[in-house]
Participant: 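Structure in structure tokens, see below.
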Amino acid sequence: MEKVRVRFAPSPTGPLHIGGVRTALYNYLFAKKHGGDMLLRIEDTDSNRFVPGAEDYIVESLNWLGIKIDEGVGAGGDYGPYRQSERKDIYLQYVNQLLDAGLAYKAFDTPEELDAKRAEIENFQYDASTRAQMNNSLLLSESEVEAKIAAGEPYVVRIKLEPGENVVINDLIRGEVIINSSILDDKVLYKSSDGLPTYHLANIVDDHLMGITHVIRGEEWLPSAPLHVLLYKYLGWADTMPQFAHLPLLLKPQGNGKLSKRDGDKLGFPVFPLEWNDPKSGEKSSGYRESGYFPEAVVNFLALLGWNPGTEQEMFSMQELVDAFSLERVSKSGAKFDYEKGKWFNHNYLQLKSNEELASLFAKELEVKGISVDEAKLATIVGLVKERVNFVSELWEQTSFFFEAPTEYDEKTVKKRWKEDTPALMQDLISVLDAIEDFSSHNMEEIVKTWIAEKELNMGAVMNAFRLSVVGAPQGPHMFDIAAIVGKQEIIDRIKKAILNIK
RNA sequence: GGUCCCUUCGUCUAUCGGUUAGGACGCCAGGUUUUCAUCCUGGAAAGAGGAGUUCGAUUCUCCUAGGGACUACCA
């Protein structure tokens, strides 16, 4: 079997969105599963929609996620250039081939004329039934055409489709899809205005020239797949046409429609892998990376949206995904994006990180707050609370009391746990704590518990008031672990402060 | 409107004619705990509707309904 070659071919019209990321991921998994190559091609044939920075953004995103590019933009290779805007001459050659073969023609209709036609005729379509009413080379003599072009009249090249043919697409996910060519229109393949082809032509030419074996793309391309099949045929490449797989779409969690770039942060979660600052509008959109997601979590989460291994395993490393992946197990229906599940994945990956690794990430956040803590100590603290959080950014609210004394005390808890005799009790606790030499968690616990037992005190009354004094709220890890880390003097100070300030 | 694709718990999904329709997220309850969280245990929760094929349909076929995509000199 020939070597598998797949491509991810985004258009640099803005940041990559999460659906595009999944398409890239599935391409990558498929390629690696079969020992093949993953190419990155930039489809910048629409000069009007080009956005500066988008290409770098795409490369950086894939890099962050661990989707490695074997060939193409940012990686080089023997089939370049990999930017379509740099391949003008190549496309022109095939445009001419189609023109010469009578499989395409030049059309001079202006956008205004086309709009007028669409307004005039309901469901107007530029095809075999209407092209005779239009302004194109099929109706003009060669010299007339040349004269128009010489006069600088812009034109487009349209494919000349024959009606009544059933075009069969053998989709690896959907099976056989049959579409009649009569419903297709004479799509524009090339624009003289900028000398660039449209997606359809560029895509087929590049996939062919680059030896692409499998085209794995979003379902939005399914309706134009027959056009692509026909183009392979027109260009004489039917024998080596790649296989197609149209992926189900990622849908909005609520409401209707597919997830789109324009959703930005409106949905309450990022739709981009990395933060994006729009150079035109100045608008900033959040990214998964900046929101504190681990790339492994994003990859794992995305992989399972539309694909499943057929087993009950949910946690997958990239390598495990590669090993388990198959297009047969990609589902056919669109998947609503479930942000909650994404958080759960991040939670799980966070648990897998070492305390030291998390501490060093957390240290950066503390630095911003002007807090510097010994890394070993910080690792201990993180270890105590990490199972409570989904993100490193949530660590602060779980640990702030390790670094600063509470400034207020949770009202409900005060009402419930701070009774008339509590100040006296806390005063006694201070004496007990003050007398402890080895202020380790275990030793402290033994001494305090013995004291409680001997004095026949109420464990809950002591411990809850103790916690309220130190933490300010009814939460947090084991009380003696907290106390050992915070240290004797500070603990005593906090209890004193609580006695003075509560009520 | 037209064409195509799709349809199992709220969500992601398993099931490739015979199952008490399974798992996960989320939700609820109970347990553990000095608190909260974690954790453990349990629970509620699904085959869109209608025909047909079959001894037997969630599974195959058709119709209806619903959802989605496409319908640009955008990709």
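Chain A is the first sequence line, chain B the second, and so forth, proteins listed ahead of strands; every chain is numbered from 1. Every heavy atom of this structure was used, including side-chain atoms; hydrogens, water molecules and symmetry mates were not.
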Participant: How far, in whole Å, is B:G30 from B:A37 if one measures between their P atoms?
Facilitator: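 Straight-line distance between the two P atoms is 13 Å.
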Participant: When you measure from the side-chain N and O atoms of A:T45 to the phosphate of B:A75, is any distance below 4.0 Å, counting only OP1 and OP2?
Facilitator: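 The answer is yes; a side-chain N or O of A:T45 sits under 4.0 Å from OP1 or OP2.
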Participant: In this structure, how many angstroms lie between the P atom of B:A24 and the CG atom of A:N300, rounded?
Facilitator: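 Going from CG in A:N300 over to P in B:A24 covers 16 Å.
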Participant: Could you pull out the protein-nucleic contacts involving nucleotides 38-48 of chain B (nitrogen or oxygen on both sides, under 3.5 Å)?
Facilitator:
{"from": "B:U38", "atom 1": "O2'", "to": "A:E387", "atom 2": "OE1", "distance (Å)": "3.4"}

Participant: B:C25 and B:G43: how far apart are their P atoms, nearest whole angstrom?
Facilitator: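 Comparing P positions in B:C25 and B:G43 gives a spacing of 15 Å.
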Participant: CG of A:L304 versus P of B:G23: gap in Å, rounded?
Facilitator: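 In whole Å, B:G23 P lies 17 Å from A:L304 CG.
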Participant: Roughly how many Å apart are B:G26 and B:C12, using the C1' atom of each and rounding to a whole number?
Facilitator: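 Their C1' atoms lie roughly 11 Å apart.
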Participant: Does either side chain, that of A:R217 or that of A:H246, offer a donor lying less than 3.5 Å from an acceptor on the other one?
Facilitator: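 A pair is found: one side chain offers a donor N or O, the other an acceptor, under 3.5 Å apart.
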Participant: How close or far is atom P of B:C5 from atom CG of A:L247, stated in whole angstroms?
Facilitator: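 Computing the A:L247:CG to B:C5:P distance gives 17 Å.
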Participant: Which residues satisfy the salt bridge (charged side-chain N to carboxylate O under 4.0 Å, His left out) test with A:E445, sequence neighbours excluded?
Facilitator: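 If we apply the salt bridge (charged side-chain N to carboxylate O under 4.0 Å, His left out) test to A:E445, skipping adjacent residues, the hits are A:K449.
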Participant: Taking the six-membered ring of A:Y26 as reference, does the NZ or CZ atom of A:R22 fall below 6.0 Å from its centre and within a 45° cone about the axis?
Facilitator: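 Satisfied, under 6.0 Å and within 45°.
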Participant: Answer yes or no: does a side-chain N or O of A:R329 lie under 4.0 Å from OP1 or OP2 of B:U15?
Facilitator: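 Yes, because at least one side-chain N or O of A:R329 sits under 4.0 Å from OP1 or OP2 of B:U15.
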Participant: Can you tell me, in whole Å, how much space there is between the P of B:G23 and that of B:G42?
Facilitator: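 Between the two P atoms, the distance is 10 Å.
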Participant: Would you be so kind as to tabulate the donor-acceptor pairs closer than 3.5 Å made by side chains of residues 6-18 of chain A, with sequence neighbours excluded?
Facilitator:
{"from": "A:R7", "atom 1": "NE", "to": "A:D207", "atom 2": "OD1", "distance (Å)": "2.9"}
{"from": "A:R7", "atom 1": "NE", "to": "A:D207", "atom 2": "OD2", "distance (Å)": "3.2"}
{"from": "A:R7", "atom 1": "NH2", "to": "A:D207", "atom 2": "OD2", "distance (Å)": "3.1"}
{"from": "A:S11", "atom 1": "OG", "to": "A:E43", "atom 2": "O", "distance (Å)": "3.4"}
{"from": "A:T13", "atom 1": "OG1", "to": "A:K261", "atom 2": "NZ", "distance (Å)": "3.2"}
{"from": "A:H17", "atom 1": "NE2", "to": "A:L259", "atom 2": "O", "distance (Å)": "3.1"}

Participant: With P as the reference atom in both, quote the distance from B:U15 to B:U33 in angstrom, rounded to an integer.
Facilitator: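 These two P atoms come out 42 Å apart once rounded.
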Participant: Start with the C-alpha gap between A:K336 and A:D338, add the side-chain angles, then the distance that decides, and say whether salt bridge (charged side-chain N to carboxylate O under 4.0 Å, His left out) holds.
Facilitator: CA-CA 6 Å; A:K336 285 193 177 176; A:D338 183 7; over 6 Å; no
Participant: Give me each pair satisfying salt bridge (Lys or Arg N to Asp or Glu O under 4.0 Å) with a member in residues 161-171 of chain A, each pair once, sequence neighbours excluded.
Facilitator: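 Non-adjacent pairs meeting salt bridge (Lys or Arg N to Asp or Glu O under 4.0 Å): A:E165-A:K233.
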Participant: For atom P, what is the distance between B:A21 and B:G47, given to the nearest Å?
Facilitator: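 Rounded to whole Å, the distance is 12 Å.
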Participant: Donor-acceptor pairs under 3.5 angstrom involving side-chain atoms of residues 454-469 of chain A: please list them, not counting sequence neighbours.
Facilitator:
{"from": "A:N458", "atom 1": "OD1", "to": "A:G460", "atom 2": "N", "distance (Å)": "2.8"}
{"from": "A:N458", "atom 1": "OD1", "to": "A:A461", "atom 2": "N", "distance (Å)": "2.8"}
{"from": "A:N464", "atom 1": "ND2", "to": "A:G460", "atom 2": "O", "distance (Å)": "2.8"}
{"from": "A:R467", "atom 1": "NH1", "to": "A:Q475", "atom 2": "O", "distance (Å)": "2.7"}
{"from": "A:R467", "atom 1": "NH1", "to": "A:G476", "atom 2": "O", "distance (Å)": "3.3"}
{"from": "A:R467", "atom 1": "NH1", "to": "A:P477", "atom 2": "O", "distance (Å)": "3.2"}
{"from": "A:R467", "atom 1": "NH2", "to": "A:P477", "atom 2": "O", "distance (Å)": "2.9"}
{"from": "A:S469", "atom 1": "OG", "to": "A:A465", "atom 2": "O", "distance (Å)": "2.7"}

Participant: Do A:S281 and A:D278 have a side chain donor and acceptor closer than 3.5 Å?
Facilitator: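 Result is yes, a qualifying pair exists.
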Participant: OP1 or OP2 of B:U13 sitting under 4.0 Å from any side-chain N/O of A:S331?
Facilitator: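 Indeed, a polar side-chain atom of A:S331 lies that close.
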Participant: Side chains of A:Y91 and A:N96: do they bring a donor and an acceptor to under 3.5 Å?
Facilitator: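 There is no such pair (donor and acceptor under 3.5 Å, judged by atom type) between the side chains of A:Y91 and A:N96.
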Participant: Just N and O in the side chain of A:N308: are any of them under 4.0 Å from OP1 or OP2 of B:A14?
Facilitator: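 Yes.
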Participant: Whole-Å distance between B:A75 P and A:R41 CZ?
Facilitator: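 Checked: the CZ to P distance equals 13 Å.
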Participant: How long is the line joining CD of A:Q125 and C1' of B:C4, in whole Å?
Facilitator: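 Spelled out: CD on A:Q125 to C1' on B:C4 is 14 Å.
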Participant: Examine A:F337 together with A:F269 and report whether their ring centres are nearer than 6.0 Å.
Facilitator: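 Yes, close enough.
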Participant: For nucleotides 60-62 of chain B, which of its nitrogen or oxygen atoms have a protein nitrogen or oxygen under 3.5 Å away, and what is each distance?
Facilitator:
none

Participant: Report yes or no: is there a donor-acceptor pair, N or O only, under 3.5 Å between the side chain of A:H478 and the base of B:U34?
Facilitator: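 Looking at the base of B:U34, it does pair with a donor or acceptor on the side chain of A:H478 (distance under 3.5 Å).
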Participant: Just checking, any donor-acceptor pair under 3.5 angstrom between side chains of A:N355 and A:K386?
Facilitator: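 Side chains of A:N355 and A:K386: pair found under 3.5 Å.
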Participant: Please list residues of residues 460-470 of chain A whose heavy atoms come under 4.0 Å from any atom in RNA chain B, ordered by number; otherwise none.
Facilitator: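 Listed by number, they are A:M463, A:N464, A:R467.
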Participant: Of all of residues 182-191 of chain A, which get a heavy atom below 4.0 angstrom from RNA chain B, listed by number?
Facilitator: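 Of all residues in residues 182-191 of chain A, the ones placing a heavy atom under 4.0 Å from RNA chain B are A:I183, A:V188, A:K191.
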Participant: Taking only residues two or more places apart in sequence, or in another chain, which ones meet A:S393 in a side chain to side chain donor-acceptor pair (under 3.5 Å)?
Facilitator: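 Per chain and number, A:S393 pairs via side chain to side chain donor-acceptor pair (under 3.5 Å) with no residue.
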Participant: Is A:R158 close enough to B:C73 that one of its side-chain N or O atoms is under 4.0 Å from OP1 or OP2 there?
Facilitator: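 Answer yes for this pair, as a side-chain N or O of A:R158 is under 4.0 Å from OP1 or OP2.
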Participant: Can you check the distance between B:C6 and B:U20, where both ends of the measurement are the P atom (answer in whole Å)?
Facilitator: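 It comes out at 30 Å once rounded to the nearest Å.
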Participant: Roughly how many Å is it from CG in A:L172 to C1' in B:C5, rounded to a whole number?
Facilitator: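 About 16 Å, once rounded to whole Å.
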Participant: Looking only at side-chain atoms of A:P223, point me to the closest of B:G26, B:C73, B:C70.
Facilitator: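 Out of B:G26, B:C73, B:C70, the nucleotide with an atom closest to A:P223's side chain is B:C70.
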Participant: For A:E86, which residues count as a salt bridge (charged side-chain N to carboxylate O under 4.0 Å, His left out) partner, sequence neighbours excluded?
Facilitator: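 In terms of salt bridge (charged side-chain N to carboxylate O under 4.0 Å, His left out), with neighbours along the sequence ignored, A:E86 is linked to A:R83.
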Participant: CD of A:Q475 versus C1' of B:U34: gap in Å, rounded?
Facilitator: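 Interatomic distance, CD of A:Q475 to C1' of B:U34: 15 Å.
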Participant: Test your reading of the model: is there a side-chain donor-acceptor pair from A:D109 to the backbone of A:L114, 3.5 Å cut-off?
Facilitator: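 Such a contact is absent between A:D109 side chain and A:L114 backbone.
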Participant: Taking the cut-offs as 6.0 angstrom to the six-membered ring centre and 45 degrees off its axis, would you call A:R131 and A:Y126 a cation-pi pair?
Facilitator: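 Judged by the rule, A:R131 and A:Y126 form no cation-pi pair.
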Participant: What pairs of residues pass the salt bridge (Lys or Arg N to Asp or Glu O under 4.0 Å) test when at least one of them lies in residues 196-206 of chain A, not counting sequence neighbours?
Facilitator: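 Found A:R41-A:D206, A:R87-A:D206.
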Participant: Taking the P atom of each, how far is B:U53 from B:U13, in whole Å?
Facilitator: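 About 34 Å, rounded to a whole number of Å.
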Participant: Mind listing the residues from residues 398-418 of chain A sitting with a heavy atom below 4.0 Å of RNA chain B? Number order is fine.
Facilitator: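 Within residues 398-418 of chain A, the residues near RNA chain B are A:R417.
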